Amino acid sequence: MQTRDREQPTFTPPVLTALQEQCVTCGNAVDTPFCAQCGEKRASDRTYSLWTFFKDHVVESVLSFDGRIIRTLTTLLRKPGELTREFMRGVRLPYLAPLQCFLLLNLGFFVWSSWAGMRIYDTPLWVHMNAQPYSRVATAMVRGYLGSHQIAEPVYHARFNAIGAAQARSLVLVMIPAFAAAAALIMLRRRRAPLVQHLVFALHTYSFVFILMVAARYLIYYPLNVALDHFGVAGNGPLGHDTPDGIALLAVLTTYLALSLRRVYDIGWARAGSSGVALGMIFFIVLQLYRALLFFVTFYSM
């Protein structure tokens with residue numbers, strides 16, 4: 001029994017007029033600077049000078065990326081929750097992706113904190129041993145390690161802090177799902193939202209916190225400590241949650257959270273305010289849990 005071969009589709013080049021040329025990408029007839037079918041630039045309009053290459057592939061790429069960064073950061077600061085709401089609407093092109101925004105600000109924050117000597121997420125060993133709820137356990141573990149390995153305490157502190165700083169850069173990500181879960185629980189009685197919405201909300205919140213920590217150094221910590229010194233009141237450390245500057249930081253964070261929650265979850269002012277306060281307190285609880293995790297991970301990495 002004979003079988004008839006299937007006819008193979010063939011491409012038929014378009015009939016071109018004197019003012020048209022064939023698109024080098026899709027083969028469509030082109031008589032404008034850009035192909036109406038695929039958007040490719042007309043081949044006859046391209047030049048191959050070094051200046052054109054630099055302008056098209058370096059300058060425009062950098063300006064386009066910088067434009068997205070500036071637009072993302074401006075929206076993040078001026079319109080709390082807008083980035084999350086836009087992401088859930090399907091808007092992608094004008095802004096950095098939520099994880100991309102978080103990682104970029106995470107990198108910038110750790111570079112700045114190393115330069116400025118602000119140990120917030122990469123918590124020093126002294127803080128683990130003296131200023132945390134788990135400090136008694138941490139101190140006992142460190143003393144036992146020093147006694148069994150015959151290592152000088154200053155040497156151990158330096159090694160621990162170096163390893164802890166490296167661990168913190170990636171370990172900080174664990175706070176995101178914890179905070180997202182807290183947001184999901186608080187919004188549980190609201191209409192059911194996709195889990196990704198809570199995750200994106202958490203990424204944008206922590207992206208804002210990176211900026212807030214830097215601003216707090218110059219706009220909250222320094223002015224408040226100058227005022228405390230003037231009135232003879234001693235603070236007990238920069239940005240600590242139980243210090244006056246920590247209270248001011250919490251007030252800014254809860255205000256931002258309330259505005260963000262109202263926009264993202266479309267809730268009233270009363271609920272947004274109470275939920276913002278609750279999430280602000282949860283933020284610091286998550287921070288304490290993160291520091292405990294950072295201590296144990298670093299300790300067993302030595």
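For clarity, every value in this text was computed on a predicted model and none was experimentally measured.
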Under a 4.5 Å side-chain heavy-atom rule over Ile, Leu, Val, Met, Phe, Trp and Tyr, are [X] and [Y] clustered together?
{"X": "Phe295", "Y": "Ile163", "result": "yes"}
{"X": "Tyr218", "Y": "Leu212", "result": "yes"}
{"X": "Val264", "Y": "Leu259", "result": "no"}
{"X": "Trp269", "Y": "Leu279", "result": "no"}
{"X": "Leu77", "Y": "Leu261", "result": "yes"}

Check: Stepwise, does the side chain to side chain contact (heavy atoms under 4.5 Å, CB included) test hold for Met141 with His128?
Finding: CA-CA 11 Å; Met141 292 174 65; His128 287 301; over 6 Å; no

For a 4.5 angstrom cut-off between non-hydrogen side-chain atoms, does [X] reach [Y]?
{"X": "Val24", "Y": "Glu40", "result": "yes"}
{"X": "Arg42", "Y": "Thr32", "result": "no"}
{"X": "Tyr290", "Y": "Leu287", "result": "yes"}
{"X": "Val209", "Y": "Phe283", "result": "yes"}
{"X": "Gln197", "Y": "Tyr265", "result": "yes"}
{"X": "Gln288", "Y": "Pro133", "result": "yes"}
{"X": "Leu125", "Y": "Thr298", "result": "no"}
{"X": "Met187", "Y": "Ser275", "result": "yes"}

Notebook entry, point to check: Under the side chain to side chain contact (heavy atoms under 4.5 Å, CB included) criterion, do Val277 and Leu257 qualify, and how do the steps go?
Noted result: CA-CA 8 Å; Val277 172; Leu257 283 169; over 6 Å; no

Looking at every non-hydrogen atom in both residues, tell me the closest pair between [X] and [Y] and how far apart they are.
{"X": "Pro124", "Y": "Asn161", "value": "CA-OD1, 3.3 Å"}
{"X": "Ser135", "Y": "Ala131", "value": "OG-N, 3.2 Å"}
{"X": "Leu249", "Y": "Ala216", "value": "CD1-CB, 3.9 Å"}
{"X": "Cys35", "Y": "Cys38", "value": "SG-N, 3.5 Å"}

Below 3.5 Å, can you tabulate the donor-acceptor pairs from side chains in residues 167-176 to any protein atom, sequence neighbours excluded?
{"unit_1": "Gln167", "atom_1": "NE2", "unit_2": "Ser301", "atom_2": "OG", "d": "3.3"}
{"unit_1": "Arg169", "atom_1": "NH1", "unit_2": "Ala165", "atom_2": "O", "d": "2.9"}
{"unit_1": "Ser170", "atom_1": "OG", "unit_2": "Gln167", "atom_2": "O", "d": "3.3"}

Note to self: Tell me which pairs pass ring pair (Phe, Tyr, Trp, His ring centres under 6.0 Å) where either residue lies in residues 88-107, with sequence neighbours left out.
What the structure shows: Phe102-Phe210

Next item on the list: May I ask you to decide if the ring planes of Tyr145 and His149 are parallel, tilted or perpendicular, using 30° and 60° as cut-offs?
Entry: parallel

Next item on the list: Check the angle between the aromatic planes of Phe160 and Tyr156 and answer parallel, tilted or perpendicular using the 30° and 60° thresholds.
Entry: tilted

Quick one: [atom1] on [X] to [atom2] on [Y], what's the gap to the nearest 0.5 Å?
{"X": "Leu76", "Y": "Leu105", "atom1": "CG", "atom2": "CG", "result": "7.0 Å"}
{"X": "Leu188", "Y": "His198", "atom1": "CG", "atom2": "NE2", "result": "8.5 Å"}
{"X": "Leu104", "Y": "Ile69", "atom1": "CG", "atom2": "CD1", "result": "5.0 Å"}

Review item, side-chain donor-acceptor pairs of residues 199-207, under 3.5 Å, at least two apart:
{"unit_1": "His204", "atom_1": "ND1", "unit_2": "Thr84", "atom_2": "N", "d": "3.4"}
{"unit_1": "His204", "atom_1": "ND1", "unit_2": "Thr84", "atom_2": "OG1", "d": "2.7"}
{"unit_1": "His204", "atom_1": "ND1", "unit_2": "Val200", "atom_2": "O", "d": "3.4"}
{"unit_1": "Thr205", "atom_1": "OG1", "unit_2": "Phe201", "atom_2": "O", "d": "2.8"}
{"unit_1": "Ser207", "atom_1": "OG", "unit_2": "Leu203", "atom_2": "O", "d": "2.8"}

Counting only N and O atoms by type, is there a donor-acceptor contact under 3.5 Å from the side chain of [X] to the main-chain atoms of [Y]?
{"X": "Thr74", "Y": "Arg71", "value": "no"}
{"X": "Gln132", "Y": "Met129", "value": "no"}
{"X": "Ser114", "Y": "Phe110", "value": "yes"}

Margin query: List the residues meeting salt bridge (Lys or Arg N to Asp or Glu O under 4.0 Å) with Arg262, not counting sequence neighbours, and say none if there are none.
Written below: none

[X]: what forms a side-chain contact (heavy atoms from CB on, under 4.5 Å) with it, not counting sequence neighbours?
{"X": "Val111", "value": "Leu107"}
{"X": "Arg85", "value": "Glu82, Arg263"}
{"X": "Ile285", "value": "Leu289"}

Margin query: Under the salt bridge (Lys or Arg N to Asp or Glu O under 4.0 Å) definition, can you give me all pairs with a residue in residues 128-150, not counting sequence neighbours?
Written below: Arg143-Glu153

Next item on the list: Quick one: which residue pairs count as a salt bridge (Lys or Arg N to Asp or Glu O under 4.0 Å) with a foot in residues 120-131, not counting sequence neighbours?
Entry: Arg119-Asp122

Next item on the list: Could you give me the CA-CA distance, side-chain angles and deciding distance for Leu73 and Leu96, then say whether side chain to side chain contact (heavy atoms under 4.5 Å, CB included) is met?
Entry: CA-CA 9 Å; Leu73 296 182; Leu96 297 177; over 6 Å; no

Checklist line | Trace of the side chain to side chain contact (heavy atoms under 4.5 Å, CB included) decision for Tyr121 with Arg291 | finding: CA-CA 7 Å; Tyr121 291 119; Arg291 284 175 171 168; over 6 Å; no

Check: Got a sec, which hydrophobics cluster with Trp126, joining ILVMFWY side chains under 4.5 Å apart, including via others?
Finding: Val127

Next item on the list: Quick one: name the residues clustered hydrophobically with Leu195, using the 4.5 Å side-chain heavy-atom rule over I, L, V, M, F, W, Y, and just say none if it's on its own.
Entry: none

Under 3.5 Å donor-acceptor pairs involving side-chain atoms of residues 87-94, not counting sequence neighbours:
{"unit_1": "Arg89", "atom_1": "NH1", "unit_2": "Glu86", "atom_2": "OE1", "d": "3.2"}
{"unit_1": "Arg89", "atom_1": "NH1", "unit_2": "Glu86", "atom_2": "OE2", "d": "2.6"}
{"unit_1": "Arg92", "atom_1": "NH1", "unit_2": "Phe87", "atom_2": "O", "d": "2.6"}

